[in-house]
Amino acid sequence: MVVDTEICGIKIGDQYPAHVMGIINFSPESFYGNSVIKPDSALEIALKMVEEGATFLDLGARSTWIHAEPISRKQELERILPVLEALEGNVDAIISVDTMFPEIAEEALKRGAEIINDVSGFTADPRMIEVVADYGCPAVVMASNKIPGDPLGMDAIIESLDSIIQAAEAGGINPEKLILDPASGRWIEEKLSIYDFETLDDFERLKIFEKPLLAAVSRKSFIGDVLGKPATERLYGSLAAAAIAVYKGAHIVRTHDVPETADVVKLSGAIRSRPSIVKEGRYEVSVVEVKTPQDAAIAMRELGVTTTGSKVMQGKSIHLMLKIRNLTTTEALIIKQEILARGGDAALTRNAVSHETEMTDVLVMGTLLQLGRLARKLEGQARSLPLIAEMIRECIAKRSDLEYRYLR
């Protein structure tokens with residue numbers, strides 16, 4: 001699970017510094033009005049962003065804010081072409097164009113754009129896959145099913161991105177040129193802030209795809225929900241979110257605030273450790289860190305494991321250590337015996353093993369599969385072991401319960 005690639009001549013990966021993507025927005029319908037510029041000032045702003053630390057510039061002519069008034073494709077194209085003409089050959093940065101529509105993408109690529117940023121993940125118009133494949137350009141794809149950003153929760157985001165990647169490959173796109181965006185922000189009314197909290201908290205789960213990761217958290221609604229502030233006053237919240245994203249694996253941070261974000265990205269990137277990997281000749285050994293069986297199944301599928309095989313094995317992929325407190329010595333010894341019988345183990349005080357104490361705490365170690373089987377076995381035992389079985393299940397379930405994790 002190590003990312004090491006090149007996008008438009010720029011090294012992107014876990015062992016390289018993260019990059020800043022500056023937002024050049026000329027859509028008056030935007031949720032953040034202060035970010036909107038006039039097209040005739042685009043070159044000046046672009047040069048300033050590059051000087052302040054931006055490696056990428058993302059041009060947007062259409063607001064995707066859920067409350068924005070829609071515009072036509074013709075209007076979007078008319079807005080973006082003059083900016084592309086002004087920037088072409090005059091800016092030392094990788095130019096990305098934020099659009100969901102293939103005809104606009106094609107015209108942009110003809111005029112110097114090098115990356116297409118499709119927030120619909122190729123779902124708004126399937127012909128976008130053909131354009132990206134034909135031009136062989138990199139593309140940012142955002143988690144989406146029917147409309148941009150509609151997956152709710154990290155499991156749904158992972159599933160959506162997995163489908164997008166497969167569709168892109170089937171359409172002839174080089175998978176090494178895809179950049180993944182987990183869709184932070186309120187793209188649909190049903191998307192509550194806790195979904196964005198989970199996305200940021202579990203951002204490292206996206207590493208399972210072994211592709212560059214983009215964090216687009218700048219001044220988003222979940223920051224406003226926490227701070228109680230409008231978009232104009234969310235700078236510091238955005239910087240905190242950017243720092244967390246980079247620390248957890250983001251390779252590119254898309255932002256309205258380039259100089260401040262560049263400092264944050266540099267520091268959080270320095271703190272982020274490299275993944276463990278050893279190469280020798282044709283051999284390579286790396287640590288695969290997964291947090292959920294779903295992610296393990298994706299890793300197995302990439303190896304060519306069958307769907308049935310991955311379902312059988314995914315429960316074996318996550319190992320947990322549970323601490324159970326205030327057990328009687330007899331209860332503790334039963335738990336140790338039962339988890340050992342299922343391939344796990346348990347640690348308890350030496351005095352409990354020799355029956356020199358009446359009470360003890362226990363550390364139970366095993367895979368999700370082993371712990372589940374342990375709970376089922378304890379259901380039929382005496383004493384308080386059926387209660388302990390239910391508590392084990394509840395404790396494990398809380399790891400993925402959004403309301404428990406984030407509602408205060």
Side-chain angles (χ1 to χ4, degrees), residues 7-12 16-28 30-65 79-80 82-99 108-109 111-119 137-140 142 179-181 184-185 212-220 223 231-232 234-243 245-246 250-269:
I7 300 292
C8 301
I10 303 295
K11 290 288 188 181
I12 304 285
Y16 308 114
H19 296 273
V20 172
M21 173 182 278
I23 299 169
I24 297 184
N25 173 25
F26 33 97
S27 168
S30 174
F31 80 98
Y32 177 33
N34 288 9
S35 70
V36 182
I37 68 164
K38 295 180 179 179
D40 56 9
S41 64
L43 178 57
E44 178 185 354
I45 289 172
L47 292 171
K48 187 172 186 292
M49 285 186 172
V50 172
E51 183 182 351
E52 293 170 339
T55 308
F56 299 86
L57 298 175
D58 193 41
L59 313 185
R62 175 191 295 269
S63 174
T64 49
W65 182 37
R79 287 178 179 180
I80 206 161
V83 176
L84 284 167
E85 291 171 3
L87 267 54
E88 188 174 6
N90 295 318
V91 180
D92 185 19
I94 308 303
I95 303 299
S96 165
V97 168
D98 182 354
T99 185
L109 291 166
R111 291 166 171 79
E114 297 172 82
I115 296 176
I116 297 302
N117 179 6
D118 184 351
V119 296
C137 66
V140 178
M142 194 178 82
I179 301 166
L180 308 183
D181 176 353
S184 297
L213 305 175
L214 181 141
V217 294
S218 184
R219 299 182 183 261
K220 290 290 178 74
I223 299 171
T232 53
R234 297 175 191 167
L235 171 60
Y236 299 124
S238 297
L239 297 179
V246 172
H251 303 104
I252 303 171
V253 176
R254 184 178 181 272
T255 181
H256 299 93
D257 310 289
V258 170
E260 298 89 346
T261 304
D263 282 352
V264 164
V265 164
K266 188 173 183 179
L267 181 60
S268 51

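Below, each value reflects all heavy atoms present in this structure, side chains not excepted, and no hydrogens, waters or symmetry copies.
Atoms CD and CD1, on Glu114 and Ile10 in that order, are 9.0 Å from each other to the nearest 0.5 Å. Once rounded to the nearest 0.5 Å, the distance linking NZ of Lys266 with CG of Asp263 reads 8.0 Å. Separating the CG atom in Leu47 from the CD atom in Glu52 is a distance of 11.0 Å, to the nearest 0.5 Å. Residue Asn90 holds its CG atom at 11.5 Å from CD of Glu85, rounded to the nearest 0.5 Å. Separating the CG atom in Asp98 from the CG atom in Leu59 is a distance of 9.0 Å, to the nearest 0.5 Å. Put simply, CG on Leu214 and OG on Ser96 are 8.5 Å apart, with the number rounded to the nearest 0.5 Å.
Annotation for Ile95 and Gly112: closest pair CB-O, 4.3 Å, computed over non-hydrogen atoms. Listed here is the closest heavy atom pair of Leu84 and Ala113: CD2-CB, 4.2 Å. Pairing each heavy atom of Val97 with each of Ala108, the nearest pair is CG2-CB, 3.8 Å. What you find for Ala241 and Val217 is that their closest heavy atoms are CB-CG2, 3.8 Å. Of all heavy-atom pairs spanning Ser268 and Ala243, the tightest one is CB-O, 3.5 Å. Of all heavy-atom pairs spanning Ser27 and Ser63, the tightest one is OG-N, 3.0 Å.
A side-chain donor-acceptor contact under 3.5 Å links Ser218 to the backbone of His256. The backbone N or O of Tyr16 sits nowhere less than 3.5 Å from a side-chain atom of Lys11 that would complete a donor-acceptor pair. A donor-acceptor pair under 3.5 Å is absent between the side-chain atoms of Arg234 and the main chain of Ile223, judged by distance alone.
Annotation: side chain of Ile23 is in contact with side chain of Arg254 (closest heavy-atom distance under 4.5 Å). Residues Arg219 and Asp257 are in side-chain contact: their nearest non-hydrogen atoms beyond the backbone lie under 4.5 Å apart. Side-chain contact between Ile94 and Ile7 is absent, with no heavy atoms from C-beta onward closer than 4.5 Å. Side-chain contact between Thr255 and Ser238: absent, with no pair of heavy atoms (C-beta onward) separated by less than 4.5 Å.
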Please step through side-chain contact (heavy atoms from CB on, under 4.5 Å) for the pair Thr261 and Leu239, ending with a clear verdict.
CA-CA 6 Å; Thr261 304; Leu239 297 179; 3.6 Å; yes
Checking Asp58 against Val140 for the side-chain contact (heavy atoms from CB on, under 4.5 Å) test, could you report, in this order, the C-alpha distance in whole Å, the side-chain angles of both residues, the deciding distance, and whether it holds?
CA-CA 11 Å; Asp58 193 41; Val140 178; over 6 Å; no
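By the salt bridge (charged side-chain N to carboxylate O under 4.0 Å, His left out) test, Asp181 pairs with no residue at all, sequence neighbours left out.
Each of Leu57, Thr55, Ile252, Val258 was scored for a side-chain contact (heavy atoms from CB on, under 4.5 Å) with Met21, with one residue passing: Ile252.
Within 6.0 Å of CD on Glu51 lie no more than 12 heavy atoms contributed by other residues, nucleotides or ligands.
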